[in-house]
2 protein chains.
Amino acid sequence: MLSQAAEDYLKSIYKLQEKGGKVSTGVLAEFLNVKPASVTGMIKKLESMKLIKYERYQGVTLTNAGKAIALEVIRHHRLLELYLFKALGMPWDGVHDEAEKLEHVISEEMEARMDAYLGYPTADPHGSPIPDKNGVVPKTESVPMTSLQEGQSCVVAEVNDSDSALLRHLGSFNLYPGTRFRVIEVAPFEGPFTIDVAGQQAVIGREVAKHILVDDIHDT
Amino acid sequence: MLSQAAEDYLKSIYKLQEKGGKVSTGVLAEFLNVKPASVTGMIKKLESMKLIKYERYQGVTLTNAGKAIALEVIRHHRLLELYLFKALGMPWDGVHDEAEKLEHVISEEMEARMDAYLGYPTADPHGSPIPDKNGVVPKTESVPMTSLQEGQSCVVAEVNDSDSALLRHLGSFNLYPGTRFRVIEVAPFEGPFTIDVAGQQAVIGREVAKHILVDDIHDT
DNA sequence: TGTAAAATTTAGTTATGCCTAAATTTTTTT
DNA sequence: AAAAAAATTTAGGCATAACTAAATTTTACA
């Protein structure tokens, strides 16, 4: 059985790999909040297990076996988030931390039962796609909110799930996945976005906007 | 934060203390499936944290602080068992293993939400009492099935939750907590019990009967 | 292109919690 | 009460996964 630490490394490598760019020792260390020297150690271990490929001073890549485990953990995480949200009514800014702990310990049986209870969902409460049991990740074609122009309307597709302060902030504007809004104004020089959400105006800073992916864009 | 291993020690000490008799290094080791030498080590650690009291070569006792943690873990375990059984429909012989892992990682928030969902229950699917949030354990006055006489009728109060083969066996006779049955015959020389459960006869061996606690006994 | 800066790896340490084997203490038996 | 048996503790190791500090390799720039 794989350790929780190892599972976290694989999950992190997957996420960083997804964002593009090479997954270096330093980037991984930063992401996992450990020192680079510690990452070197775990990399060797995972490499010896054939879960990643590694070239000294270069970076890591997941093997098929490693990717399968990463996706399994991510599936657990997102199913748990949605389950805790829907079945237990936990707030969307609280489910991430809980899922982070539970994802490593639930059985396949429990995973399957949550999946069935939820009706085989394809996205968690933050809009992130839930890989299916075969490791197939639902396709999405969402883009960062920062690429929007004045006058465009769109639907929130996905928001970063790990920053609960951000999530509470978005919640205060009713900016949940599925919510449609329209860009009223984009302040010049990388300034904030003023948007209209269900008749209410809200001002969203650049940094926040980077963490919001949107979908179904229309020019109005 | 206390390690999972330490929590398991405290929980085990509590359970062994409950059964009466001194909780010696050897008994704890046997119960936890580790070697006595390992127990000595953890005992020292828990003692230094003032969670247990210990006298060399004598045995351990929980302090109030230690007992509080033990009861918290047991509360998690039993709430989880009932939750998995009721909310996710997991079989009663499967919930123990899952709860064993989850009990160490759920938050107080999740505990409270499961508690509310379940209507503040006082017993798990195997009839074991669920301590409340203040560590108060519901009183029960059940006795081992082995103390029954021929002709007596009673209700199943509690069965050992950790032996899933036993649970499946009992399930096949519909012997769940709350089920009433009557003793038809007790074979001599420590022999098996023949009982009547809802019109069906069943033969229950001594060893199995030891793991069944009963309640509400009537002579018929 | 050579040197300084940055990134990475190696070497050695720490903490947890388990193990075995040997030493010690307690209990039981004769 | 002494000797044998049983229980417990000590001593020394192992694996995991982190850390710091020092050495090495790569990259970047002047």
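Numbered from 1 within each chain, the chains take letters A, B, ... in sequence-line order.
Considering only side-chain N and O atoms, A/S38 lies nowhere under 4.0 angstrom from the phosphate OP1 or OP2 of D/dA17.
Looking at which nucleotide of DNA chain D each of A/Q58 and A/V34 is closest to, the 5′-most match is held by A/V34.
Here C/dG17 presents its C1' atom at 13 Å from CD of B/Q4, a figure rounded to the nearest Å. Note: CD1 (A/I43) to P (D/dA18) measures 12 Å, nearest angstrom. Following rounding to the nearest Å, B/K35 (NZ) and C/dG17 (P) show an atom-to-atom distance of 19 Å. Atom pair A/M49:CE and D/dT16:C1' shows a separation of 10 Å (rounding to whole Å applied). Taking atom CZ of residue B/F31 and atom P of nucleotide D/dA7, one finds them 18 Å apart after rounding to whole Å.
Between the side chain of B/R78 and the backbone N or O of B/I130, no donor-acceptor pair lies under 3.5 Å.
Side-chain contact between A/H96 and A/L167: absent, with no pair of heavy atoms (C-beta onward) separated by less than 4.5 Å.
Donor-acceptor pairing under 3.5 Å is lacking for the side chains of B/H76 and B/E103.
Under 4.0 Å is where a charged nitrogen must lie from a carboxylate oxygen, and between A/R75 and A/D132 no such pair does. A salt bridge between B/E47 and B/K53 is absent, with no side-chain N of the basic residue lying under 4.0 Å from a carboxylate O of the acidic one. Between B/K11 and B/E72, none of the side-chain N atoms (NZ, or NE/NH1/NH2) sits under 4.0 Å from a carboxylate O, so this pair counts as no salt bridge.
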Treat primed atoms plus P, OP1 and OP2 as sugar-phosphate and everything else as base, then score nucleotides 10-16 of chain C 5' to 3': B for base contact with protein heavy atoms under 4.0 Å, S for sugar-phosphate contact only, - for none. B-----S
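Under the side chain to side chain contact (heavy atoms under 4.5 Å, CB included) rule, B/V60 has a single partner from B/L16, B/I13, B/L10, which is B/I13. Each of B/D161, B/D124, B/L82, B/V159 was scored for a side chain to side chain contact (heavy atoms under 4.5 Å, CB included) with B/W92, with one residue passing: B/V159.
Non-hydrogen atoms lying under 4.0 Å from DNA chain D are contributed by B/S24, B/T25, B/G26, all within residues 6-30 of chain B.
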